[in-house]
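Notes for the one structure printed next.
Side chains are part of it too, since the values below use all heavy atoms of this structure and drop only hydrogens, waters and symmetry mates. In the text below, chain A, chain B and the rest are named by the order of the sequence lines, each starting its count at 1.
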Protein chains: 2
Amino acid sequence: MSTRVTISDVAKLAGVHPGTVSRALNKKTENQVNAGTVRRVRDAAKRLGYSPNSIARGLRTSSSMTVGVIIPDLTNPIFPPIVRGIDSYLLPRGYTTVVVNTDGSDANERKLFESLVQRQVDGFIFGTGHTGQSIVHEAYERGIRGVMVNRDSGGVPYPAVVGDDSQGIRASVEHLAQLGHRRLVHLEGPASFSTSRVRAASFLSSCAEYGLSGTVALCDSYSVDEGQRVMDAVLAEHSSQPTAVVAGNDLLALGVYHSLRMHGLRCPEDISVVGFNDMPFSGDFQPPMTTVRVPQTELGAESARLLLRQIEDADRSAVRVVLPVELIVRASTTRVHQA
Amino acid sequence: MSTRVTISDVAKLAGVHPGTVSRALNKKTENQVNAGTVRRVRDAAKRLGYSPNSIARGLRTSSSMTVGVIIPDLTNPIFPPIVRGIDSYLLPRGYTTVVVNTDGSDANERKLFESLVQRQVDGFIFGTGHTGQSIVHEAYERGIRGVMVNRDSGGVPYPAVVGDDSQGIRASVEHLAQLGHRRLVHLEGPASFSTSRVRAASFLSSCAEYGLSGTVALCDSYSVDEGQRVMDAVLAEHSSQPTAVVAGNDLLALGVYHSLRMHGLRCPEDISVVGFNDMPFSGDFQPPMTTVRVPQTELGAESARLLLRQIEDADRSAVRVVLPVELIVRASTTRVHQA
DNA sequence: CGTCAATTCGCAATCGATTGCCCAAAAGCG
DNA sequence: CGCTTTTGGGCAATCGATTGCGAATTGACG
């Protein structure tokens with residue numbers, strides 16, 4: 001299988017030493033070899049269809065031109081765009097990305113992390129923002145290069161690329177306030193994610209700012225089922241019902257849709273709902289979802305850029321890049337029916 | 001970065017030769033070494049936190065324990081489940097998967113393919129079913145191991161794992177016939193995909209079977225925009241309008257939704273729509289989509305199984321696995337209003 | 001024409017693990 | 001007790017590329 005033509009084959013054909021071939025074929029060292037020789041080597045290589053064995057190269061240079069991307073679950077629609085964003089930056093620069101899914105388990109995360117380290121990946125992009133005992137701390141201690149994406153670094157001095165969560169939530173609350181809503185509920189994501197707390201905090205302060213009553217319900221995971229479960233609980237309470245829901249993300253918001261439907265409530269007529277992320281197809285839901293657009297592809301690309309800066313320029317400054325977000329108003333929010 | 005403890009360190013601590021360490025740590029060769037020694041080596045390794053350098057191993061064994069997965073676009077929602085399915089089979093067996101996106105370009109496909117070959121991947125899973133000049137033929141000629149997933153092999157004797165497209169379309173047509181529809185349109189996917197023609201053929205024969213009038217409109221890509229464009233064209237025709245649309249996949253069906261909405265037509269009251277794939281969230285669209293469920297995760301897992309069989313057992317039989325599909329009736333189809 | 005610096009390129013070590021070959025020690029056997 | 005067969009494990013080559021070192025060639029310059 002695969003390539004059988006090696007650097008020595010090229011050397012033989014070009015009538016030079018293998019070392020010379022290596023130098024001739026490498027951009028940074030080709031000035032160490034005569035221009036004519038470079039040309040001879042070049043077309044010897046082309047003639048034979050030579051392509052360097054990156055495993056061998058990796059062994060020698062102890063770099064694999066590969067980066068690991070650790071995310072909770074690829075089937076969560078916000079991740080594919082992020083991954084594509086990462087790829088779009090890395091691929092043209094000769095890097096390959098390996099994506100692994102933890103399914104939210106710290107044990108998986110650790111196992112996958114080790115397996116990638118063993119594969120000599122040159123760095124990591126962490127899309128799992130646990131504040132708990134994730135391997136992020138350990139990775140940093142071990143001197144492994146890394147970047148956080150879509151999650152805060154939680155104390156570890158890795159660079160982080162995030163959307164402007166506070167601003168997004170604030171815009172959502174403002175929008176609802178302008179529509180006349182006075183009693184809001186926020187479905188907060190699991191405590192293990194840094195974003196959950198940021199969003200909840202912003203929700204509370206924004207409600208205060210606009211003089212609204214805001215309460216928070218905690219979810220155990222960012223999933224449709226959990227959103228439905230928690231919304232069911234909210235509706236079961238006897239205290240005064242909210243007229244609008246600010247969900248921690250679009251998945252939770254979708255769960256809210258389901259819950260409302262089960263209870264015979266209409267969205268947005270009875271209750272308005274705002275999501276977060278503007279994941280793909282959220283504009284096609286029933287009803288089309290008002291949500292906060294986060295530039296996922298850009299998040300990915302930017303995180304890749306920061307990682308490469310670490311790898312290639314040994315720049316370990318712990319910058320924090322906050323990308324702007326935008327409230328997309330669609331049909332899941334409307335003016336409150338009566339005061 | 002990464003691991004600095006090598007096999008020789010372990011050998012030194014255990015008081016044996018590096019070669020012995022290698023044998024002791026390898027399942028298939030550990031019977032060549034005394035049980036006591038194995039134990040000594042084992043905990044020397046544990047004590048030092050040794051973890052083998054898979055690059056070095058790969059160089060020697062010329063296998064990377066990596067498989068390449070080539071798909072058009074990860075943000076197409078049918079692919080994440082397939083990829084997860086592949087992973088679920090490969091990961092426990094020590095393999096890592098590298099996913100690359102061609103964005104439908106043959107040039108990209110070739111470039112990515114070569115780059116993966118150069119990385120010594122042990123095999124490929126092709127999710128790009130071009131019938132044209134994809135690299136699949138060449139890969140086979142070169143003796144590279146591979147499997148087709150979600151696409152037919154198109155003449156190349158690679159194993160293929162597909163959903164039962166014919167049956168799915170037939171079930172859709174039957175469903176519409178039972179609802180009283182008589183004039184159907186099929187939005188056929190691009191000719192370069194083997195599935196497109198299979199589905200179109202099944203559509204036509206099923207219409208004949210049920211005595212319906214069925215016409216076909218060709219799309220240039222499997223995308224929402226293209227579905228909308230083509231449906232616009234269908235609606236612009238002056239001939240008798242269809243009462244139901246069988247879309248080549250869910251993305252096209254979504255485009256049909258958009259087109260209908262633009263034309264002030266209601267789905268399903270004015271026109272019924274059936275999708276294909278049951279991609280994630282298709283039950284949350286407006287209206288919830290009647291579509292054919294394809295077991296994507298299983299497709300992925302099965303293709304991975306077939307690939308490993310080639311890699312590890314040198315079994316190159318070109319089996320073709322057809323997984324059953326199921327029509328999921330939701331709200332985008334209804335009884336025809338009047339005859 | 002001799003000396004010194006700059007080019008060019010060959011040599012061989014190296015990255016870390018695997019594995020065929022072979023020798024020594026132990027075990028089996030008559 | 002001597003001889004054959006196992007068993008255990010050391011030795012060194014190997015995978016394919018990169019790279020520090022130094023030798024040889026060329027050119028510049030006084």
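- The side chain of Ser54(B) places no N or O atom within less than 4.0 Å of a non-bridging phosphate oxygen (OP1 or OP2) of dA17(C).
- The side-chain hydrogen bond (donor to acceptor under 3.5 Å, both in side chains) search around Glu298(A) returns none, not counting sequence neighbours.
- Between the CD1 atom of Ile55(B) and the C1' atom of dC15(D) there is a distance of 13 Å, given to the nearest Å.
- Here the side chain of Val16(A) is nearest to one of dT8(C), dG16(C), dG10(C), namely dG10(C).
- Rounded to the nearest 0.5 Å, atoms CD1 (Ile144(A)) and CD1 (Ile135(A)) are 9.0 Å apart.
- Comparing Gln32(B) and Leu59(B), the nucleotide of DNA chain D nearest to each residue sits closer to the 5' end for Gln32(B).
- Following rounding to the nearest Å, Arg39(B) (CZ) and dG8(D) (P) show an atom-to-atom distance of 14 Å.
- The number of heavy atoms from other shown groups lying within 6.0 Å of CZ (Arg316(A)) is above 12.
- Between the P atom of dA17(D) and the CG atom of Asp9(A) lies a distance of 8 Å, rounded to the nearest Å.
- The interatomic distance linking Glu30(A) (CD) with dC9(C) (P) rounds to 13 Å, in whole Å.
- The nearest whole Å value for the distance from the CZ atom in Arg119(A) to the P atom in dA17(C) is 15 Å.
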Indicate for each nucleotide in nucleotides 18-23 of chain D, in 5' to 3' sequence, whether protein heavy atoms under 4.0 Å reach the base (B), only the sugar-phosphate (S), or nothing (-).
BBB---
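- Taking atom CE of Met65(A) as the reference point, atom P of dC15(C) lies 22 Å away to the nearest angstrom.
- Residue Asn31(B) is classed as a sugar-phosphate contact, given heavy-atom separations below 4.0 Å to backbone atoms only.
- Of the side-chain N and O atoms in Thr37(A), one or more sit less than 4.0 angstrom from OP1 or OP2 of dC9(C).
- Checked against Asp315(A) for a salt bridge (charged side-chain N to carboxylate O under 4.0 Å, His left out), the options Arg309(A), Arg305(A), Arg145(A) give a single hit: Arg309(A).
- A centroid separation of 6.0 Å or more is found between the aromatic rings of Phe124(B) and Tyr158(B).
- Partners of Asp73(B) under the side-chain contact (heavy atoms from CB on, under 4.5 Å) rule, at least two apart in sequence or in another chain, are Arg84(A), Thr75(B), Asn101(B), Asp103(B).
- A donor-acceptor contact shorter than 3.5 Å links the side chain of Gln310(B) to the backbone of Gly146(B).
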